[in-house]
Amino acid sequence: MPVTDESIVIPAPQEEIFDYLHDPAHTPEYDATILTSELDDDGPIHVGSRFGGKARIIGRTFDWKVEVIEDTRPTKMALKSVEGQIDFTSTYTLTPEVGGTRVRYHVDSGAGLGGVFGRVGDALVAKAYARQVRANLATLSEILTDHGKERG
């Protein structure tokens with residue numbers, strides 16, 4: 001059961017980070033695996049909202065759709081896949097910390113990556129995905145740090 005659990009401290013207020021993450025249109029800006037992401041209906045996002053798009057992982061492109069299963073501003077947002085080739089649950093948890101906000105991203109891929117890459121491949125893909133998540137969080141930090149400079 002591959003699990004990815006990574007975090008970073010971003011020098012920005014918790015509410016600002018949550019609001020940025022809460023908009024699916026922003027996801028392709030910081031997550032290099034997401035090609036497109038859009039809300040299925042008109043906002044605001046709430047538990048039960050769905051959004052989807054296309055992702056590319058290790059050269060394979062997938063359609064995906066998630067449902068918001070937890071939405072507690074400004075501390076937590078959790079999503080569960082409802083359509084697509086990979087079964088997963090992902091959670092963003094935001095906690096105030098000296099110097100900013102700790103953003104923790106946790107993904108549980110259920111019973112592997114659905115055999116999409118084969119059982120041996122799943123372990124390699126999970127390791128590569130963990131590296132990608134760290135890079136995505138660094139990009140998120142850069143975006144929000146630059147946004148804070150523009151605001152200040």
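Atoms considered below: every heavy atom in the structure, side chains included; atoms not considered: hydrogens, waters and symmetry mates. Numbering of residues begins at 1 and proceeds along the displayed sequence. Quick caveat, the model's predicted, so the values are computed rather than measured.
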Go through the side-chain N and O atoms of [X] and [Y] and say whether any donor and acceptor fall under 3.5 Å apart.
X: Glu142; Y: Tyr30; answer: no
X: His26; Y: Asp31; answer: no
X: Ser81; Y: Asp87; answer: yes

Does a side-chain heavy-atom distance below 4.5 Å link [X] with [Y]?
X: Arg104; Y: Asp5; result: yes
X: Arg50; Y: Val82; result: yes
X: Gln85; Y: Trp64; result: no
X: Glu16; Y: Leu144; result: yes
X: Tyr20; Y: Ile143; result: yes
X: Ile10; Y: Leu140; result: yes
X: Leu39; Y: Ile45; result: yes
X: Thr93; Y: His106; result: no

Under 3.5 Å donor-acceptor, Ser141 side chain and Leu137 backbone:
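Checking the backbone N and O of Leu137 against the side chain of Ser141, no donor-acceptor pair under 3.5 Å is found.
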With no hydrogens and no angle check, is any side-chain donor or acceptor of Asp40 less than 3.5 Å from a backbone partner on Ser49?
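No; zero donor-acceptor contacts below 3.5 Å.
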Nearest heavy atoms of [X] and [Y], plus distance in Å:
X: Glu38; Y: Phe51; result: O-CB, 3.0 Å
X: Val68; Y: His46; result: CB-O, 3.5 Å
X: Tyr105; Y: Ser90; result: OH-CB, 3.6 Å

Identify whether the distance between the nearest side-chain nitrogen and carboxylate oxygen of Arg73 and Asp19 falls below 4.0 Å.
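Yes.
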Pairing residues for Ala130 by the side chain to side chain contact (heavy atoms under 4.5 Å, CB included) criterion, not counting sequence neighbours
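Ala130: side chain to side chain contact (heavy atoms under 4.5 Å, CB included) contacts with Thr4, Glu6, Arg134.
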Output the distance between atom CZ (Arg60) and atom CD1 (Ile86), rounded to the nearest 0.5 Å.
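The CD1 atom of Ile86 is 8.5 Å from CZ of Arg60, to the nearest 0.5 Å.
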Could you walk me through whether Thr89 and Val107 pass side chain to side chain contact (heavy atoms under 4.5 Å, CB included), step by step?
CA-CA 6 Å; Thr89 301; Val107 179; over 6 Å; no
Is it the case that more than 12 heavy atoms not belonging to Lys76 sit under 6.0 Å from its NZ atom?
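No - once you tally the heavy atoms of other residues, nucleotides and ligands closer than 6.0 Å, there are 12 at most.
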More than 12 heavy atoms of other residues, nucleotides or ligands under 6.0 Å from CD of Glu29: is that the case?
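More than 12 heavy atoms, drawn from other residues, nucleotides or ligands, come within 6.0 Å of this atom.
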Kindly work out whether a path of hydrophobic side-chain contacts (I/L/V/M/F/W/Y, heavy atoms less than 4.5 Å apart) joins Ile8 to Leu94.
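Yes, Ile8 connects to Leu94 through the hydrophobic network.
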Show me the side-chain donor-acceptor pairs of residues 95-102 shorter than 3.5 Å, one per line, residues at least two apart or across chains.
| from | atom 1 | to | atom 2 | distance (Å) |
| --- | --- | --- | --- | --- |
| Glu97 | OE1 | Arg102 | NE | 3.0 |
| Glu97 | OE2 | Arg102 | NH2 | 3.1 |
| Thr101 | OG1 | Ala12 | O | 2.8 |
| Thr101 | OG1 | Gln14 | N | 3.1 |
| Arg102 | NH1 | Ser7 | OG | 2.8 |

Name the one of Ile69, Thr91, Val66 that satisfies side chain to side chain contact (heavy atoms under 4.5 Å, CB included) with Lys80?
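By the side chain to side chain contact (heavy atoms under 4.5 Å, CB included) criterion, Lys80 pairs with just one of Ile69, Thr91, Val66: Ile69.
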Matching residue for Lys54 among Thr36, Asp63, Thr33 - test: side chain to side chain donor-acceptor pair (under 3.5 Å)
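Answer to the side chain to side chain donor-acceptor pair (under 3.5 Å) test with Lys54 among Thr36, Asp63, Thr33: Asp63.
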